[in-house]
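Inspection log for the structure reproduced underneath, given as C-alpha cells.
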Amino acid sequence: MKKYLAEMIGTMVLVFIGCGSAVFNGGCGTPAQVLMVAVSFGVAVVAMAYTIGGISGCHINPAITLGALLTGRISPKDAGMYMLFQVIGAFIGSALIYAILASGVEVTNTHTGANNVGDGLASAGLVAEIIFTCIFVLVVLGTTDEKKGAGNFAGLAIGLSLVIIHIALIPITGTSVNPARSIAPAVFEGGSALANLWIFIIGPFVGGALAAVIWKYFSSEE
C-alpha cells in the first residue's frame, strides 16, 4: 500500500506545483512564463524522484506505468493500482488549486492548468503528444534500466527531459505526456478542455507503448 500512496502523493505534488505555476502566474503567454512552467514541472519530478523513487519508482504518470508494464518491470495488478492512485493524486492536486482560487486569491489566470488544443488542431495535438510522450518514457526506461541506466542520476535526467519537452510542447497542447495530469484539471475546467481530453489520454498511452517497444529492442541481448 505504501507504494500506491507514494504514487498518489507524488502525482499530487506534480499537478499542484506544475499546474499551479501556470495558474498562479498568469499562464504561458510569454517565453518567460513557458520557461517558468517547464522548470516547475521538471523540478517537481526531480524532487519526487529522489523522495519516493525508492518506494514506488516514482512513475507519477500512467504512461510511464504502461511502459514499465510492457517491459516487464511491474505486474498488471500493480500497474492498475499505480494508475488509479496517480489519478486520485492528480485530483487532489487540482482540488487544492481550485480551493485556493475559490478562497478569493487574485490571479490573472483563473483556469485550472488543463491541457487543450485550438480548433482544428486535434490531429496535430494527438501526434505531438504521442511523439513527446514516447521520447519522455524512453528517457525514463533508459535511465532507470538496471543494467544500462544512469543510476542515481536518473531522476535528474528525467526531470531535465521534462523541462525541454514542456518548452517545445506547451505552445501546441500545453504539454500533457501524462494522462493523470490531464484528467483532473480537465474535469475541473470543463468545456473544451473536457471535450478534448481524449487527446491527452490516447496520445500519452500510445507514446508510452511505443517507447516500451523501442526500449525492449535496445535492451535485448540478441
Side-chain angles (χ1 to χ4, degrees), residues 4-49 51-52 58-63 83-119 121-122 125 128-129 132-133 159 162-163 165-201 203-204:
Y4 305 147
L5 293 175
E7 285 295 305
M8 182 186 73
I9 292 172
T11 311
M12 180 272 291
V13 170
L14 176 68
V15 170
F16 182 63
I17 291 178
C19 293
S21 68
V23 172
F24 302 134
N25 290 285
C28 301
T30 68
Q33 288 172 326
V34 168
L35 182 59
M36 172 195 66
V37 173
V39 171
S40 296
F41 272 102
V43 173
V45 166
V46 172
M48 288 299 98
T51 301
I52 65 171
C58 189
H59 294 190
I60 60 177
N61 182 337
M83 291 181 187
L84 173 62
F85 277 82
Q86 287 158 0
V87 172
I88 292 172
F91 269 98
I92 295 173
S94 291
L96 291 172
I97 294 173
Y98 187 83
I100 292 173
L101 294 176
S103 70
V105 173
E106 293 186 5
V107 295
T108 57
N109 180 27
T110 58
H111 66 72
T112 61
N115 297 112
N116 213 335
V117 294
D119 294 337
L121 296 177
E129 286 291 331
F132 280 97
T133 305
L162 191 59
V163 170
I165 285 171
H166 271 78
I167 291 173
L169 192 52
I170 280 175
I172 305 173
T173 65
T175 307
S176 170
V177 302
N178 183 339
R181 171 260 179 275
S182 295
I183 291 172
V187 169
F188 279 93
E189 183 87 9
S192 63
L194 194 57
N196 288 322
L197 179 59
W198 64 273
I199 296 171
F200 308 106
I201 296 176

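Worth knowing before you read on, the calculation uses all heavy atoms, side chains too, and leaves out hydrogens, waters and symmetry mates. Here, residue 1 is the first one in the sequence, and each next residue gets the next number.
Looking at T175, its side chain does come within 3.5 Å of a backbone N or O of I170 through a donor-acceptor pair. For the pair E129 (side chain) and I199 (backbone), a donor-acceptor distance under 3.5 Å is absent. Although no hydrogens or angles enter the test, the distance criterion places no donor-acceptor pair under 3.5 Å between the side chain of Q86 and the main chain of E7.
Taking each heavy atom of I172 and G125 in turn, the nearest pair found is CG2-CA, 4.4 Å. In this structure, S182 and N115 approach most closely via the heavy-atom pair OG-OD1, 2.6 Å. Minimum heavy-atom separation, A180 to A90: O-CB, 3.1 Å. The two residues A44 and L14 have their closest heavy-atom pair at CB-CD1, 4.1 Å.
Two residues are said to be in side-chain contact when any heavy atoms from C-beta on lie closer than 4.5 Å; I92 and F16 fail this criterion. Counting heavy atoms from C-beta outward, N61 and V45 have side chains that stay 4.5 Å or more apart. F41 is listed as a side-chain neighbour of C19, based on a closest heavy-atom distance under 4.5 Å. Side-chain atoms of F132 and T173, non-hydrogen and from C-beta on, never get closer than 4.5 Å to each other. When side chains are defined from C-beta on, N178 does not count as touching F200, because their heavy atoms never get closer than 4.5 Å. The shortest distance between side-chain heavy atoms of F91 and I183 falls below 4.5 Å. I97 places none of its side-chain heavy atoms less than 4.5 Å from the side chain of I100. Between L162 and V177 there is a side-chain heavy-atom pair separated by less than 4.5 Å.
To the nearest 0.5 Å, the span separating CG on L35 from SG on C28 amounts to 10.5 Å. Between M48 atom CE and I9 atom CD1 the span is 8.5 Å, to the nearest 0.5 Å. Taken from CG in L197 to CG in N116, the straight-line distance is 10.0 Å, to the nearest 0.5 Å. If you take CG on L121 and CG on N196, they are separated by 9.5 Å, rounding to the nearest 0.5 Å. I52 contributes atom CD1, which lies 4.0 Å from atom SG of C58 (distance to the nearest 0.5 angstrom). Rounding to the nearest 0.5 Å places CE of M12 at 11.0 Å from CD1 of I60.
The number of heavy-atom neighbours closer than 6.0 Å to OH of Y98, taken from other residues, nucleotides and ligands shown, is 12 or below.
Listed by chain and number, the residues in a side-chain contact (heavy atoms from CB on, under 4.5 Å) with A114 are T112, P185, E189, A193 (sequence neighbours excluded). Residues passing the side-chain contact (heavy atoms from CB on, under 4.5 Å) test with L5, sequence neighbours excluded: M1, M8, F85.
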